[in-house]
Amino acid sequence: MLVEILLLIGTALLAIYGYFQWKWTYWSTRGVYTIKPSFPFGSIPSFFTKSRHLNDEFLSHSEETKSLPYYGIYFMAGKILVVNDADLAKNILIKDFDYFIDRNGAATNNLFATKHRSDIIWTTQMTNATGEMWKNLRSTFSPIFTSGKMKAMMAFIQETSDKLIQAIDAKVTASEDFELKEMLGKYSMDTIASCAFGVDAESFSNKDSKFVEYASNIFKGTKLEAIKFLIVLLPFGKALLKSLDVPMTKVTETEFFYDAVIASLKHRRETKTRRNDLIDLMLDAIKGEVAMDEHKDEDDQFEKDAALNHVPKKGEFDELVIVATAIVLMVAGYDTTGTTLAYACYQLSKNPDIQDRLRAEIEEVTGDSDKPINYESIQKMNYLDQIISETLRFCSPVAIIQRNATKDYKIPGHDLVIEKGNDVWINAMQMHFNPKYYPNPHEFNPDHFTKEAKANRNPSAFLPFGQGPRGCLGMRFALLEAKLALANIIRRYNLHPSEKTKEPIELDPYAGTAYVKHGLYVRAEKRY
Ligand code: HEM
């Protein structure tokens with residue numbers, strides 16, 4: 001019997017091996033250079049083995065592929081075209097967006113679709129939605145992220161920034177170096193909780209905060225989820241889980257955020273109060289009552305490229321979509337912004353000349369150090385903008401911009417047709433470190449983003465927020481939040497490197513948003 005079982009397993013393994021080898025001929029038969037796959041994981045085994053972070057993995061393709069506009073990889077048996085070239089990226093993300101509306105194929109999103117409320121909430125999220133559903137969501141909620149609306153968020157962000165300064169003051173008083181992501185993640189969490197949920201997450205003041213506990217659970221993958229995902233990929237796996245009535249997403253945490261948003265909405269309805277935060281704006285948006293900004297910034301290329309010619313269907317959404325969108329704003333905005341700020345402070349601590357130049361700009365724009373920094377002052381700080389951009393180039397929290405072809409697409413100037421259903425990943429990481437676009441790319445230098453440098457470069461060679469109609473919805477919010485915190489920190493403190501940072505820094509292979517394994521520390525010295 002044992003021999004038969006072993007023979008059966010051996011035959012099945014051989015069949016799978018043969019199937020993979022057959023699948024792995026896809027790119028070579030089309031003349032596309034391929035990163036050699038290895039059985040069973042394919043071309044990016046570190047995704048599974050966690051031997052290095054995906055940012056490092058994709059940067060490591062540079063040597064082999066730097067002169068190519070695109071190349072092929074295999075993710076297990078799946079085929080993915082990876083794009084290296086800014087002109088082609090621009091076509092995919094903006095010019096020919098109509099072929100690449102989806103981020104992932106509809107099939108991926110459907111894997112999570114059960115009748116459980118938490119699954120409905122997660123499959124209704126903008127980041128995951130596909131086709132018409134995404135178009136309706138995006139065109140409904142885009143008007144609340146315009147520059148005019150962001151100005152109104154300033155009061156809430158200023159409030160959380162004050163808490164951040166108090167927390168750093170406490171570290172200075174205690175003569176303690178501190179970990180940057182921990183500190184700035186609290187700021188980012190409190191800001192998004194205040195604006196998108198209308199609650200105080202108490203990240204700085206309450207170590208038992210339920211909001212923080214459940215939010216951090218959302219970012220943690222569990223073994224049970226991995227098992228459920230593997231089962232769902234098997235033939236009849238989804239039907240099996242369905243018959244057992246198993247939800248695919250985190251029920252307790254999702255229900256907690258559902259209750260928080262619904263309670264905020266109920267309270268506002270009953271007390272007839274308005275805070276003009278993102279919750280109020282989302283409620284206006286589903287009723288079709290958000291006015292567009294009268295003034296449009298004609299110089300804002302990101303905004304122009306993001307234009308989506310679609311009128312949302314009236315009455316399409318109910319309050320559940322506000323819950324889904326509040327959660328997506330937290331998921332998309334918390335870690336990314338906290339990480340960016342942590343890297344920026346770390347780089348400034350290591351580059352005192354850049355730090356001094358920034359401080360001089362802040363003092364020149366704001367004058368009196370006691371006056372709160374306002375929205376207009378932030379817009380005048382060009383060097384601050386350069387520093388944030390360089391941080392996002394040098395330490396991109398997200399290295400790959402994903403799209404899925406919704407119809408066959410012939411690459412202009414090439415014979416290759418990207419077939420309907422194919423995944424296309426744009427390797428932002430490789431572009432950010434390509435000397436063709438950035439001289440001395442391995443040097444942290446905010447002058448990579450002077451007006452002249454930007455004018456001489458293809459804008460699609462800088463993709464920390466993606467680009468086009470599906471680019472980051474919260475970019476303006478993130479930039480405002482990051483700039484206000486950084487300006488307040490640099491005005492008040494000199495930042496010094498800390499011996500607690502383990503150099504050279506190494507990315508944590510388990511981190512979803514790229515962050516370092518052993519933390520980034522600084523010592524703050526109060527200036528006044
Ligand atoms: C420094 C901080 C941030 C970075 C680096 C970042 C980066 C990104 C990237 C790379 C994408 C994919 C874009 C694409 O596929 O073209 C994205 C999408 C998105 N981001 Fe951000 N993000 C940040 C902050 C935020 C914040 C604060 C919010 C909300 C308040 C937000 C909301 C979103 C949403 C909703 C999407 C999905 C858009 C869609 O599918 O239509 N992000 N972000």
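Just follow the structure's listing: the first ligand is 1, and inside any ligand the first atom is 1. The chain is numbered in sequence order, starting from 1. As the structure is a prediction and not an experimental result, all values here were calculated from the model.
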Leu348 backbone acceptor or donor facing Gln355 side chain under 3.5 Å: yes

Under 3.5 Å: donor-acceptor pair, side chain of Arg275, backbone of Arg268: no

Geometric class of the Phe465/Phe302 ring pair [parallel <30°, tilted 30-60°, perpendicular >60°]: perpendicular

Listed protein N/O/S atoms, distance to atom 21 (Fe) of ligand 1 under 2.8 Å: Cys472 SG

Those residues that, when tested against Tyr493, pass ring-ring contact (aromatic ring centres under 6.0 Å, His included) (two or more places apart): none

Partner of Asn404 by side chain to side chain donor-acceptor pair (under 3.5 Å), out of Asp102, Asp423, Asn104: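 Single pass found, and it is Asp423.
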
Nearest neighbour of atom 15 (O) of ligand 1 from the list Glu481, Arg403, Gln402, on a heavy-atom basis: Arg403

Identity and distance of the protein heavy atom lying nearest [atom]:
| atom | answer |
| --- | --- |
| atom 30 (C) of ligand 1 | Ile192 CD1, 3.7 Å |
| atom 10 (C) of ligand 1 | Pro464 O, 3.2 Å |
| atom 38 (C) of ligand 1 | Arg138 NH1, 3.3 Å |
| atom 12 (C) of ligand 1 | Arg103 NH2, 3.7 Å |
| atom 37 (C) of ligand 1 | Thr127 CG2, 3.5 Å |

Residue pair Asp200, Lys163: steps toward the salt bridge (charged side-chain N to carboxylate O under 4.0 Å, His left out) verdict: CA-CA 12 Å; Asp200 182 0; Lys163 290 183 193 167; 3.4 Å; yes

Atoms in ligand 1 with a heavy atom of [X] nearer than 4.0 Å:
| X | result |
| --- | --- |
| Phe477 | 27 (C), 30 (C) |
| Gln467 | 16 (O) |
| Ile401 | 10 (C), 14 (C), 15 (O), 16 (O) |
| Trp134 | 39 (C), 40 (O), 41 (O) |
| Gly471 | 13 (C), 14 (C), 16 (O), 38 (C) |
| Thr340 | 1 (C) |

Cation-pi geometry met for Arg393 and Phe449 (6.0 Å, 45°): no

Any side-chain heavy-atom pair of Phe58 and Gln430 under 4.5 Å: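 No, their side chains stay 4.5 Å or more apart.
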
Chi angles and distances behind the salt bridge (charged side-chain N to carboxylate O under 4.0 Å, His left out) call for Lys66, Asp85: CA-CA 9 Å; Lys66 64 183 170 214; Asp85 175 69; over 6 Å; no

Thr337 N/O to ligand 1 N/O under 3.5 Å: no

Donor-acceptor pair between Asp190 and Ser203 side chains, under 3.5 angstrom: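 Present: a donor and an acceptor within the cut-off.
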
Polar contact flag, side-chain donor to acceptor under 3.5 angstrom, Ser377-Asn374: yes

Ring centroid separation Phe433 to Tyr438 under 6.0 Å: no

